[in-house]
Asker: 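Once you've had a glance at the structure underneath, I'll fire off some questions.
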Amino acid sequence: MATRLSAHVWWCDFQGVNAYLFREEGSLTLVDAGMTWHAGRLERAVAAVTGSRVSADTPLAAVDHVVLTHYDIDHVGALSRLDGLDATVFAGSPDAAFLTRNERPPWNRKGTIQRALDVLRTTPDVTVETLTDGDTVGGLTAYATPGHSPGHMVYVSERHSVAFLGDLVRTVDGEFQRVPTVFQYDRAQADQSLREFVDRAPPFEIACPGHGTPIASDGRSRLRAFAETLSDSR
């Protein structure tokens, strides 16, 4: 099921990784897609949010857009199993090409992990388009935030005061933390992306990480306070 965070935002908690649904003036956007085995739970979440019956042939037809914060198996795995999904998928570069397998992750530490876990999914039969910094989809503005992955994106709705942070950070016990270094392409770049994001982004209340519990209020100010604590320590 989906937990309602506001009139426009729902949290799909998969006990380890999150996806979200965002509604803007009749348009429904899925933010990230969980692991391969989360497809059924995503379908039920969409049905609950839209009032569709899970037994209907195409409850996922209600999704108008899919935006991915980045390419990692726990954020894209279910895409190929979402029967009835007929929405364009948007992601940054080169993560969009990793998703379609037009490119392969590099042979570095994180890229090797991505290559190894790629066997857990099949290439989704969907249209995939590449976003750049400042593009908008479904009422969300994309902010390029490389570091965790080279094409990592954060999505913000200033109108509805929410930011979908992906793996720019995580939350633990209600507080922001770095994502562990082993899962980063470039930790220093990720830290710099965070600092730049909190300076560039408009104020937002709700902060929705890819891992951990969403922050319900004072999202940007709390994220800024965390960014100011960053150092070179682990």
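For this chain, numbers begin at 1 and follow the sequence in order.
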Asker: For residues 130-141, which residue pairs pass the salt bridge (charged side-chain N to carboxylate O under 4.0 Å, His left out) check, not counting sequence neighbours?
Answerer: Asp133-Arg200

Asker: Does the side chain of Glu129 come within less than 4.5 Å of Val89's, by heavy atoms?
Answerer: no

Asker: Please say whether the positively charged group of Arg4, taken as NZ for Lys or CZ for Arg, lies over the ring of Trp11, i.e. under 6.0 angstrom from the six-membered ring centre and within 45 degrees of the axis.
Answerer: no

Asker: Starting at CD of Glu158, measure out to CG of Leu140 and round the result to the nearest 0.5 Å.
Answerer: 12.5 Å

Asker: Atom CG of Leu21 and atom CG of Leu28: how far apart are they, to the nearest 0.5 Å?
Answerer: 5.0 Å

Asker: List the residues meeting ring-ring contact (aromatic ring centres under 6.0 Å, His included) with Phe14, not counting sequence neighbours, and say none if there are none.
Answerer: His38

Asker: Answer yes or no: is there a side-chain heavy-atom contact under 4.5 Å between Ser157 and Phe22?
Answerer: yes

Asker: For Arg159, check salt bridge (charged side-chain N to carboxylate O under 4.0 Å, His left out) against everything at least two apart and list the hits.
Answerer: Glu24, Glu25

Asker: Distance check, rounded to the nearest 0.5 Å: Phe164 atom CZ versus Asp32 atom CG?
Answerer: 10.0 Å

Asker: Run the side chain to side chain contact (heavy atoms under 4.5 Å, CB included) test against Phe183 and tell me which residues pass, sequence neighbours left out.
Answerer: His148, Val179, Pro180

Asker: For His75, enumerate each residue passing the ring-ring contact (aromatic ring centres under 6.0 Å, His included) test, keeping only those at least two apart in sequence or located in another chain.
Answerer: His70, His211

Asker: Answer yes or no: is there a donor N or O on one side and an acceptor on the other, between the side chain of Tyr155 and the main chain of Leu68, under 3.5 Å?
Answerer: yes

Asker: Under a 3.5 Å distance rule, please check whether Gln114 uses its side chain to pair with a backbone N or O of Tyr71 as donor and acceptor.
Answerer: yes

Asker: List for me each residue that meets side chain to side chain contact (heavy atoms under 4.5 Å, CB included) alongside Thr130, sequence neighbours excluded, and say none if there are none.
Answerer: Ser93, Ala96

Asker: Would you find a donor on one side and an acceptor on the other, under 3.5 Å apart, between the side chain of Asn18 and the backbone of Gly212?
Answerer: yes

Asker: Could I get the full list of side chain to side chain contact (heavy atoms under 4.5 Å, CB included) partners for Gln15, not counting sequence neighbours?
Answerer: Asp13, Arg41

Asker: Show me the pairs that pass salt bridge (charged side-chain N to carboxylate O under 4.0 Å, His left out) and involve residues 72-81, at least two apart or across chains.
Answerer: Asp72-Lys110

Asker: Among all residues two or more places apart in sequence or in another chain, which pass the side chain to side chain contact (heavy atoms under 4.5 Å, CB included) test with His65?
Answerer: Ser27, Thr29, Phe90, Val137

Asker: Identify, with sequence neighbours excluded, every residue that meets salt bridge (charged side-chain N to carboxylate O under 4.0 Å, His left out) alongside Glu103.
Answerer: none

Asker: Is any side-chain heavy atom of Ile206 closer than 4.5 Å to one of Ser161?
Answerer: no

Asker: Check whether any side-chain heavy atom of Leu165 lies under 4.5 Å from a side-chain heavy atom of Leu223, and answer yes or no.
Answerer: yes

Asker: Going by ring-ring contact (aromatic ring centres under 6.0 Å, His included), name the residues that satisfy it together with Tyr143, two or more places apart in sequence or in a different chain.
Answerer: Phe197

Asker: To the nearest 0.5 angstrom, please state how far the CG atom of Asp218 sits from the CZ atom of Arg224.
Answerer: 13.0 Å

Asker: Does Glu175 come within less than 4.0 Å of Arg222, counting only side-chain N to carboxylate O?
Answerer: yes

Asker: Take Arg101 and Thr123 through the test side chain to side chain donor-acceptor pair (under 3.5 Å) and record every step on the way to the result.
Answerer: CA-CA 7 Å; Arg101 293 191 169 111; Thr123 304; 2.5 Å; yes

Asker: Tell me the salt bridge (charged side-chain N to carboxylate O under 4.0 Å, His left out) pairs involving residues 162-173, sequence neighbours left out?
Answerer: none

